[in-house]
Amino acid sequence: MGKDDYVVIPPVLVVAVEDSMDIMIARDTARRAAALLGFAPAFRAQLAGAAGALAELVLKTGSPHEIDYNGVQLGGKVGIQVSCEAMWLAEVSSSNVEMALRAKMGDLVDDIELRGESPPTIALTMWLTAP
């Protein structure tokens, strides 16, 4: 199964990131979405850290962005995905971006991907069930 085979499941939430207060909102939304899917408190905190780091990253671009939160299912795995379009990365090597994201957030989530090209989308996934 490829990444195009994801099935989106509730919750589906969006946070607009326009100023530094939105970083806290991004973290809190990640915690709440993970709780709705049944993640333990420690994993909710990890996801909140990753969502906060993503919000800080997009805030530095100087343009408003939206961070999307949704449940995902891939085969027998169920998880949560936090994603954001990243037009500022359109001309950057995806492997370099993924390496930098893994260095910053790799211990917090299970999968980090840069999808598509126009615009590229950063997708962070944490699985509830074992892969």
Side-chain angles (χ1 to χ4, degrees):
M1 292 191 140
K3 52 188 152 194
D4 295 330
D5 297 323
Y6 283 109
V7 175
V8 175
I9 56 175
V12 177
L13 306 165
V14 176
V15 170
V17 178
E18 299 173 354
D19 60 43
S20 59
M21 181 60 96
D22 296 328
I23 295 169
M24 180 189 68
I25 295 168
R27 286 184 181 129
D28 188 50
T29 302
R31 248 188 241 93
R32 291 173 188 255
L36 289 171
L37 288 168
F39 281 86
F43 294 110
R44 293 179 212 163
Q46 281 180 229
L47 187 66
L54 182 58
E56 287 175 18
L57 178 67
V58 300
L59 191 59
K60 290 179 183 178
T61 68
S63 301
H65 285 77
E66 289 185 345
I67 296 179
D68 300 307
Y69 303 78
N70 56 274
V72 289
Q73 186 173 7
L74 182 62
K77 300 188 299 185
V78 174
I80 187 166
Q81 194 166 84
V82 179
S83 61
C84 180
E85 288 186 351
M87 185 53 95
W88 74 94
L89 296 174
E91 302 297 320
V92 180
S93 162
S94 62
S95 61
N96 289 346
V97 171
E98 287 181 8
M99 188 182 321
L101 291 170
R102 280 191 182 87
K104 186 166 181 81
M105 298 179 244
D107 292 339
L108 299 174
V109 294
D110 297 315
D111 298 327
I112 298 174
E113 299 174 292
L114 188 64
R115 297 184 184 154
E117 295 178 13
S118 184
T121 299
I122 297 170
L124 313 173
T125 307
M126 180 180 279
W127 296 107
L128 179 62
T129 53

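These figures come from a predicted structure and were not determined experimentally.
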Roughly how far, to the nearest 0.5 Å, is the [atom2] atom of [Y] from the [atom1] atom of [X]?
X	Y	atom1	atom2	answer
Phe43	Arg31	CZ	CZ	15.5 Å
Met87	Ser118	CE	OG	5.0 Å
Ile25	Arg32	CD1	CZ	11.0 Å
Arg115	Ser83	CZ	OG	7.5 Å

Taking all heavy atoms of [X] and all of [Y], pick out the closest pair and write down the distance.
X	Y	answer
Leu13	Ala33	CD1-CB, 3.8 Å
Leu108	Met126	O-CE, 2.9 Å
Cys84	Val58	SG-CG1, 3.6 Å
Pro120	Leu114	CB-CD1, 3.8 Å
Met105	Leu124	SD-CD1, 3.7 Å
Ala48	Arg27	O-CG, 3.2 Å

For a 4.5 angstrom cut-off between non-hydrogen side-chain atoms, does [X] reach [Y]?
X	Y	value
Thr121	Asp68	no
Leu128	Ile80	no
Asp111	Val109	no
Thr125	Asp110	no
Leu47	Phe39	no
Trp88	Leu57	yes

Spell out, yes or no, whether Leu101 and Val92 are grouped together once hydrophobic residues are joined by side-chain heavy atoms under 4.5 Å, including indirect joins. yes
Does one hydrophobic cluster hold both Val82 and Ile9, with members joined at side-chain heavy-atom distances below 4.5 Å?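 Yes, Val82 connects to Ile9 through the hydrophobic network.
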If only atom types and distance count, is the side chain of [X] paired as donor or acceptor with the main-chain N or O of [Y] below 3.5 Å?
X	Y	answer
Thr29	Ala26	no
Asp28	Met24	no
Tyr69	Ala34	no

Salt bridge flag under 4.0 Å for residues Arg102 and Glu98: yes
Assess the residue pair Leu54 and Val17 against the criterion (side chain to side chain contact (heavy atoms under 4.5 Å, CB included)); give the C-alpha distance rounded to whole Å, side-chain angles, the decisive distance to 0.1 Å, and a yes or no. CA-CA 10 Å; Leu54 182 58; Val17 178; over 6 Å; no
Quick check: are there more than 12 heavy atoms from other residues, nucleotides or ligands sitting under 6.0 Å from CG of Asp19?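 Enclosed.
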